[in-house]
Undergrad: 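Questions regarding the structure given below will be posed in turn.
Keep in mind the model is a prediction, meaning the values are calculated, not measured.
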Amino acid sequence: MRLKKIVFLFAISLFTSTQAAFSQGYKVKTIVIDAGHGGPKSGAAGSYSLEKNVALKVALKLGKKFEDEMPDVKILYTRKTDIDVEFHKRAALANDNKADIFISIHCNSMPDRKVVTGYTKTKKGKKVAKYGYVKNTSTSGTETFVAGSHRLNEQDAAIRENADIKLEKNYKENYDGYDPNDPETFIILSLFKNTFRDKSLKLARLIQNNYTEDSKRVNRGVKEQGLLILQRCGMPAVLTEIGFISNPNEEDYMNSASGQDEIVNSIYNAVKTYKKETEIN
């Protein structure tokens with residue numbers, strides 16, 4: 001009963017002061033950078049390179065830039081070598097270290113196209129198409145994902161883990177009586193999820209805008225999708241697809257030093273702007 005009263009009163013304060021609890025004294029202190037795939041899970045394949053390797057190179061360069069230019073921010077990596085790290089462990093690293101931002105780096109790819117290669121006839125003379133597959137090499141551009149709102153319930157556990165610092169210092173001590181079926185207690189998690197969603201969307205839009213404005217990349221937009229790794233993160237989180245490895249020109253771009261530098265700068269500057277606009281002293 002005491003828990004319900006505390007939750008109910010706090011819910012009222014959250015409604016009357018939107019995101020006030022989350023934003024009070026908010027600082028970006030820790031960023032987790034996630035290089036997609038790794039080890040035996042190579043991800044998408046281009047004509048000569050693999051997604052896991054490109055993502056790792058960009059992730060390490062991005063982390064180095066943060067370390068050099070934002071020395072007050074702690075940078076953590078889900079992997080720094082060619083190893084496989086399970087999704088839940090990537091999110092757990094961010095949650096356990098109370099990260100303020102989670103950025104996952106990936107390469108996009110288009111599946112081969114099914115085309116008619118000829119025709120044959122059955123014994124009865126019926127014409128039947130023969131099919132084959134050709135590479136889809138023309139699709140290009142960047143897109144950045146946030147957790148799909150239709151599966152936000154998957155973030156509950158992660159948000160509870162971070163609740164002690166996102167809300168108040170002693171809140172975790174009172175969390176044992178949490179009832180997910182009670183609308184009065186559920187409302188706090190719902191509001192927190194909306195806060196993370198809004199901040200994730202803000203960062204994703206900044207990243208996409210920089211890709212387009214700074215590097216003239218094709219903008220495929222910001223999208224919400226039920227990606228497991230984002231669903232489990234109890235903080236603003238984005239997964240950015242830095243280009244199509246199935247497109248020869250973009251594969252070259254993502255493997256080049258200059259292309260990687262442009263990608264890194266776009267993401268770094270987006271976080272810099274996000275940090276400036278969301279931090280509260």
Side-chain angles (χ1 to χ4, degrees), residues 22-23 26-38 43 52 55-56 58-67 70 73-80 85-107 142-149 151-166 189 192-208 210 222-242 263-264 266-275 277-279:
F22 180 83
S23 299
Y26 174 69
K27 296 281 188 182
V28 175
K29 298 177 181 178
T30 303
I31 297 174
V32 171
I33 299 175
D34 172 52
H37 305 284
K52 67 172 184 176
L56 181 59
V58 172
L60 293 176
K61 283 190 174 183
L62 177 61
K64 182 67 164 56
K65 187 169 183 68
F66 278 121
E67 291 164 351
M70 287 188 189
V73 176
K74 183 179 181 180
I75 304 300
L76 299 174
Y77 304 83
T78 58
R79 68 181 183 98
K80 299 181 78 172
V85 181
E86 295 176 350
F87 280 159
H88 72 91
K89 291 182 179 179
R90 296 174 192 245
L93 174 72
N95 294 329
D96 292 347
N97 285 278
K98 314 301 182 188
D100 302 289
I101 297 175
F102 180 91
I103 302 171
S104 188
I105 310 295
H106 285 252
C107 301
T142 64
E143 52 193 6
T144 300
F145 294 91
V146 302
S149 57
R151 289 181 62 189
L152 282 176
N153 62 297
E154 295 182 20
Q155 287 180 287
D156 289 354
I159 292 171
R160 287 200 301 275
E161 287 298 316
N162 280 352
D164 54 333
I165 61 169
K166 298 298 185 184
L189 290 185
F192 267 135
K193 286 184 293 190
N194 287 335
T195 299
F196 294 144
R197 175 178 177 272
D198 291 344
K199 290 183 180 294
S200 298
L201 285 169
K202 179 182 180 66
L203 178 57
R205 290 177 184 130
L206 288 169
I207 292 172
Q208 282 299 123
N210 285 352
V222 172
K223 300 175 181 179
E224 296 184 59
Q225 195 171 101
L227 300 172
L228 178 61
I229 195 165
L230 299 182
Q231 305 290 357
R232 301 298 174 90
C233 290
M235 73 285 302
V238 298
L239 185 153
T240 186
E241 301 274 8
I242 60 175
I263 293 166
V264 164
S266 291
I267 300 172
Y268 171 83
N269 288 329
V271 172
K272 186 177 180 180
T273 300
Y274 170 91
K275 190 173 183 291
E277 293 181 355
T278 59
E279 285 189 341

Undergrad: Kindly compute the distance separating CD1 (Ile105) from CD1 (Ile33), expressed to the nearest 0.5 Å.
TA: 7.0 Å
Undergrad: With heavy-atom distances below 4.5 Å as the criterion, would you say the side chains of Met235 and Asp100 are in contact?
TA: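 No - every pair of side-chain heavy atoms lies 4.5 Å or more apart.
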Undergrad: Could you tell me whether the side chain of Glu67 and the main chain of Ile75 form a donor-acceptor pair under 3.5 Å?
TA: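 No; zero donor-acceptor contacts below 3.5 Å.
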Undergrad: Please check if any side-chain donor atom of Asn210 sits under 3.5 Å from a side-chain acceptor atom of Ser266, or the reverse.
TA: no
Undergrad: Quick one: sort the His106 and His37 rings into parallel, tilted or perpendicular, breaks at 30° and 60°.
TA: perpendicular
Undergrad: Please name the pair of heavy atoms, one in Ala59 and one in Ala35, separated by the smallest distance, quoted to 0.1 Å.
TA: CB-CB, 3.7 Å
Undergrad: Can you give me the closest heavy-atom contact between Gly234 and Phe196, atom names plus distance?
TA: O-CZ, 3.5 Å
Undergrad: Is Lys272 close to Met70 at the side-chain level, that is, under 4.5 Å between some pair of heavy atoms?
TA: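 Of all side-chain heavy-atom pairs linking Lys272 with Met70, at least one is under 4.5 Å.
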Undergrad: Side chains of Arg90 and Arg232: closer than 4.5 Å at any heavy-atom pair?
TA: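 Side chain of Arg90 against side chain of Arg232, heavy atoms only: no contact under 4.5 Å found.
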Undergrad: Any non-hydrogen side-chain atom of Val73 less than 4.5 Å from a side-chain atom of Val271?
TA: no
Undergrad: Could you grab the distance from atom CD1 of Ile101 to atom CZ of Phe66, nearest 0.5 Å is fine?
TA: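 It comes to 7.0 Å.
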Undergrad: About how many Å separate OG1 of Thr278 and NZ of Lys202, when rounded to the nearest 0.5 Å?
TA: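 Answer rounded to 0.5 Å: 7.0 Å.
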Undergrad: Between atom CD1 of Ile207 and atom CD of Glu143, what is the distance when rounded to the nearest 0.5 Å?
TA: 13.0 Å
Undergrad: Heavy-atom distance under 4.5 Å between the side chains of Ile229 and Phe102, does that happen here?
TA: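 Counting from C-beta outward, Ile229 and Phe102 do come under 4.5 Å.
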Undergrad: So, the side chain of Asp34 versus the backbone of Thr78: is there a donor-acceptor pair under 3.5 Å, distance only?
TA: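 Side chain of Asp34 to backbone of Thr78: no pair is present.
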Undergrad: Report yes if some heavy atom in the side chain of Lys64 is under 4.5 Å from a heavy atom in the side chain of Leu60; otherwise report no.
TA: no
Undergrad: Measuring from atom OH of Tyr77 to atom CG of Leu62, what distance do you get when rounded to the nearest 0.5 angstrom?
TA: 7.5 Å
Undergrad: In Å, rounded to the nearest 0.5 Å, how long is the span from CG of Leu56 to CZ of Arg79?
TA: 4.5 Å
Undergrad: Going by heavy atoms in the side chains, are Asn97 and Lys74 under 4.5 Å from each other?
TA: yes
Undergrad: For the residue pair Ile242 and Cys107, establish whether any side-chain heavy-atom pair is separated by less than 4.5 Å.
TA: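 Of all side-chain heavy-atom pairs linking Cys107 with Ile242, at least one is under 4.5 Å.
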Undergrad: Keeping the roles fixed (side chain from Ser200, backbone from Val238), state whether a donor-acceptor pair exists under 3.5 Å.
TA: no
Undergrad: State, to 0.1 Å, how close Phe145 and Gln225 come at their nearest heavy-atom pair, and which atoms those are.
TA: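 Between these two residues, the closest heavy atoms are CE2-NE2, 3.6 Å.
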Undergrad: Start with the C-alpha gap between Glu279 and Val28, add the side-chain angles, then the distance that decides, and say whether side-chain contact (heavy atoms from CB on, under 4.5 Å) holds.
TA: CA-CA 7 Å; Glu279 285 189 341; Val28 175; 3.7 Å; yes
Undergrad: Might you point out which heavy atoms bring Gln208 and Val222 nearest each other, and give the distance in Å?
TA: CG-CG2, 3.8 Å
